[in-house]
Protein chains: 2
Amino acid sequence: MKITEARVKATLRRYGYKLTRQRRSIIKAVVSSEDRLTPAALYNKLHQDYPDIGLVTVYRTLGLLDNLGFLCKLHTGGDCHACTIGTPEPHHHLICSGCGKVIDFFCRSMAELEGNLAEETGFTIKDHLLEFTGYCQNCRKDLM
Amino acid sequence: MKITEARVKATLRRYGYKLTRQRRSIIKAVVSSEDRLTPAALYNKLHQDYPDIGLVTVYRTLGLLDNLGFLCKLHTGGDCHACTIGTPEPHHHLICSGCGKVIDFFCRSMAELEGNLAEETGFTIKDHLLEFTGYCQNCRKDLM
DNA sequence: TATGTAATTGAAAAAGATTATCAATTACAT
DNA sequence: ATGTAATTGATAATCTTTTTCAATTACATA
Ligand SMILES: [Zn+2]
Ligand SMILES: [Zn+2]
Ligand SMILES: [Zn+2]
Ligand SMILES: [Zn+2]
């Protein structure tokens, strides 16, 4: 399910958070982007249109969105401190190492693999992380 | 294939690196550990037996082992700046969030999934990251 | 619409993690 | 044993992220 700006704003309101100009601009940028985002990159981008926005507020708002379950953390495709908008429904990510584009995908066989692993190792498995990286069609053209 | 202390030392020698007392102690610790290791944790552990070892040398030696292909990077089970000894053969990791124990496993179906993803998305896929986290038998006991 | 108040903000400082610098030390080929 | 280039640890520098705090602002209420 796609997350909309309106839904994020409504959730913030419901929890009693104020909708400041800074938060609105960050939410708009995060929701409308299909790319992997880092705090610094997001700050640089936003700072052009909203010169009065601070890096600290970007960190704080990303932390807030994360706590509310609106962010997926990404570890590959660059450094490993990036994120992208996403639902808490189980899914995985395919990330372009060139432009940062993120594609969500689902994988039915993880539950089975998890079951096998648990049986073989005696572990109680709580979570997993699966990411693919590569180059999207556009970026592959650029490489040639 | 399990990586031995002797093999790591031989590789260092072959590339012309000197086998200092510090490097030997770090190699011994890394090779003999089945756990996720961070530079700081490794430093604290080693510093007890070798008080003259510096944190910088731990960073440098881990970097060296990584360049030589002896380390696997780990992103889950704690912060995401840890590693463990491992071969470059494709494999994945199951990590205990309690004690940091790392179990290697293989998964035949990743190639197929990668092929499907590439076809559906037009991406040229280069790599992937798969980690499971949970609690090992010992740590599960401790939680009860 | 004006007001009160608690949440939010940005600047600056602090805290952590990692890397670069450099003189002293050390491994190891000879 | 000696010479030399690699390595080391202390220190400083760099980056990223968090904390602090006075000033500002959103928004409920009147
Ligand atoms: Zn990571
Ligand atoms: Zn791309
Ligand atoms: Zn491994
Ligand atoms: Zn454990």
Side-chain angles (χ1 to χ4, degrees), chain A residues 5-6 8-30 36-68 70-71 73-75 77-83, chain B residues 5-6 8-30 36-68 71 73-83:
Chain A
E5 216 177 313
V8 176
K9 286 180 181 171
T11 303
L12 255 71
R13 234 182 258 111
R14 176 152 30 92
Y15 281 95
Y17 293 107
K18 293 182 178 177
L19 274 179
T20 64
R21 185 179 64 261
Q22 293 91 335
R23 281 180 179 163
R24 283 197 307 269
S25 69
I26 295 171
I27 290 168
K28 181 195 268 278
V30 170
R36 66 190 288 288
L37 300 167
T38 60
L42 195 53
Y43 168 75
N44 289 331
K45 186 175 158 191
L46 287 167
H47 199 254
Q48 295 172 359
D49 296 336
Y50 311 83
D52 63 342
I53 208 169
L55 177 60
V56 190
T57 298
V58 174
Y59 271 102
R60 280 190 285 228
T61 306
L62 286 178
L64 179 57
L65 294 179
D66 188 34
N67 287 340
L68 294 174
F70 287 122
L71 292 188
K73 299 298 186 67
L74 304 174
H75 296 264
D79 65 61
C80 70
H81 298 276
C83 63
Chain B
E5 215 176 315
V8 176
K9 286 181 183 171
T11 303
L12 255 70
R13 234 182 258 112
R14 176 153 29 92
Y15 282 94
Y17 293 107
K18 293 182 179 176
L19 274 178
T20 63
R21 184 179 64 262
Q22 292 91 335
R23 282 180 177 164
R24 284 196 306 269
S25 70
I26 294 171
I27 290 168
K28 182 196 268 280
V30 171
R36 69 189 288 287
L37 300 168
T38 60
L42 195 53
Y43 168 75
N44 289 331
K45 186 176 159 191
L46 286 167
H47 200 253
Q48 294 172 358
D49 295 337
Y50 310 83
D52 62 343
I53 209 169
L55 176 60
V56 189
T57 297
V58 174
Y59 271 101
R60 280 191 285 230
T61 305
L62 286 178
L64 179 57
L65 294 180
D66 188 34
N67 288 340
L68 295 174
L71 293 187
K73 300 298 186 66
L74 305 174
H75 296 264
T76 55
D79 65 62
C80 68
H81 299 276
C83 63

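Heavy-atom basis, side chains included; hydrogens, waters and symmetry copies ignored. Protein chains get the first letters and strands the later ones, always in sequence-line order, with residue 1 at the start of each.
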Give each protein N/O atom lying under 3.5 Å from an N/O atom of nucleotides 24-30 of chain C, with the pair distance.
| from | atom 1 | to | atom 2 | distance (Å) |
| --- | --- | --- | --- | --- |
| C:dA27 | N3 | B:Lys18 | NZ | 3.1 |
| C:dC28 | OP1 | B:Leu19 | N | 2.8 |

For nucleotides 18-20 of chain C, give me every protein contact, N/O to N/O, under 3.5 Å, one pair per line with atom names.
| from | atom 1 | to | atom 2 | distance (Å) |
| --- | --- | --- | --- | --- |
| C:dT18 | OP2 | B:Tyr59 | OH | 2.1 |
| C:dT18 | O5' | B:Tyr59 | OH | 3.2 |

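One interatomic measurement links the two molecules: OH of A:Tyr43 to C1' of D:dC15, which rounds to 15 Å at whole-angstrom precision. The distance between atom CZ of A:Arg14 and atom P of D:dC27, rounded to the nearest whole Å, is 16 Å. Atom CG in A:Leu62 sits about 15 Å away from atom C1' in C:dT9, given to the nearest Å. Rounded to whole Å, the distance from OH on A:Tyr50 to P on C:dT8 is 19 Å. In this structure, B:Tyr15 places its OH atom 15 Å from P of D:dT7, rounding to the nearest Å. For the pair B:Leu64 CG and D:dT8 C1', the interatomic distance rounds to 14 Å; values are reported in whole Å. Residue A:Asp52 contributes atom CG, which lies 17 Å from atom P of C:dT8 at whole-angstrom precision. Here D:dT16 presents its C1' atom at 13 Å from CG of A:Asn44, a figure rounded to the nearest Å.
What you find for A:Leu62 and A:Leu71 is that their closest heavy atoms are O-CD1, 3.4 Å. The two residues B:Leu12 and B:Leu65 come nearest to each other via the heavy atoms CD1-CD2, 4.4 Å.
By the side-chain contact (heavy atoms from CB on, under 4.5 Å) test, B:Ser25 pairs with B:Leu46, B:Tyr50, B:Ile53, sequence neighbours left out. B:Tyr59 meets the side-chain contact (heavy atoms from CB on, under 4.5 Å) test with B:Pro39, B:Leu55; sequence neighbours excluded. Scored by the side-chain contact (heavy atoms from CB on, under 4.5 Å) test, A:Asn44 finds no partners at all (sequence neighbours excluded). With sequence neighbours excluded, no residue forms a ring pair (Phe, Tyr, Trp, His ring centres under 6.0 Å) with A:Phe70. With sequence neighbours excluded, no residue satisfies side chain to side chain donor-acceptor pair (under 3.5 Å) with B:Thr38. Residues that satisfy the side chain to side chain donor-acceptor pair (under 3.5 Å) test with B:Asp79, not counting sequence neighbours, are absent from this structure.
Under a cut-off of 6.0 angstrom, the local environment of NZ in B:Lys28 is sparse, with at most 12 non-hydrogen atoms contributed by other residues, nucleotides or ligands.
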Could you spell out the base pairing of DNA chain C in dot-bracket, with Watson-Crick or G-U pairs whose two distances are under 3.5 Å, [ ] crossing and | to another strand?
||||||||||||||||||||||||||||||
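Ring-plane geometry between A:His81 and B:His81 is classed as parallel, the angle between the planes falling under 30 degrees on a 0 to 90 degree scale with a further cut at 60.
Legend: salt bridge (Lys or Arg N to Asp or Glu O under 4.0 Å) pairs involving residues 13-25 of chain A, not counting sequence neighbours, sorted by first then second residue: A:Arg21-A:Asp52.
Distances shown here put every side-chain N or O of A:Arg23 at or beyond 4.0 Å from the OP1 or OP2 atom of C:dA7.
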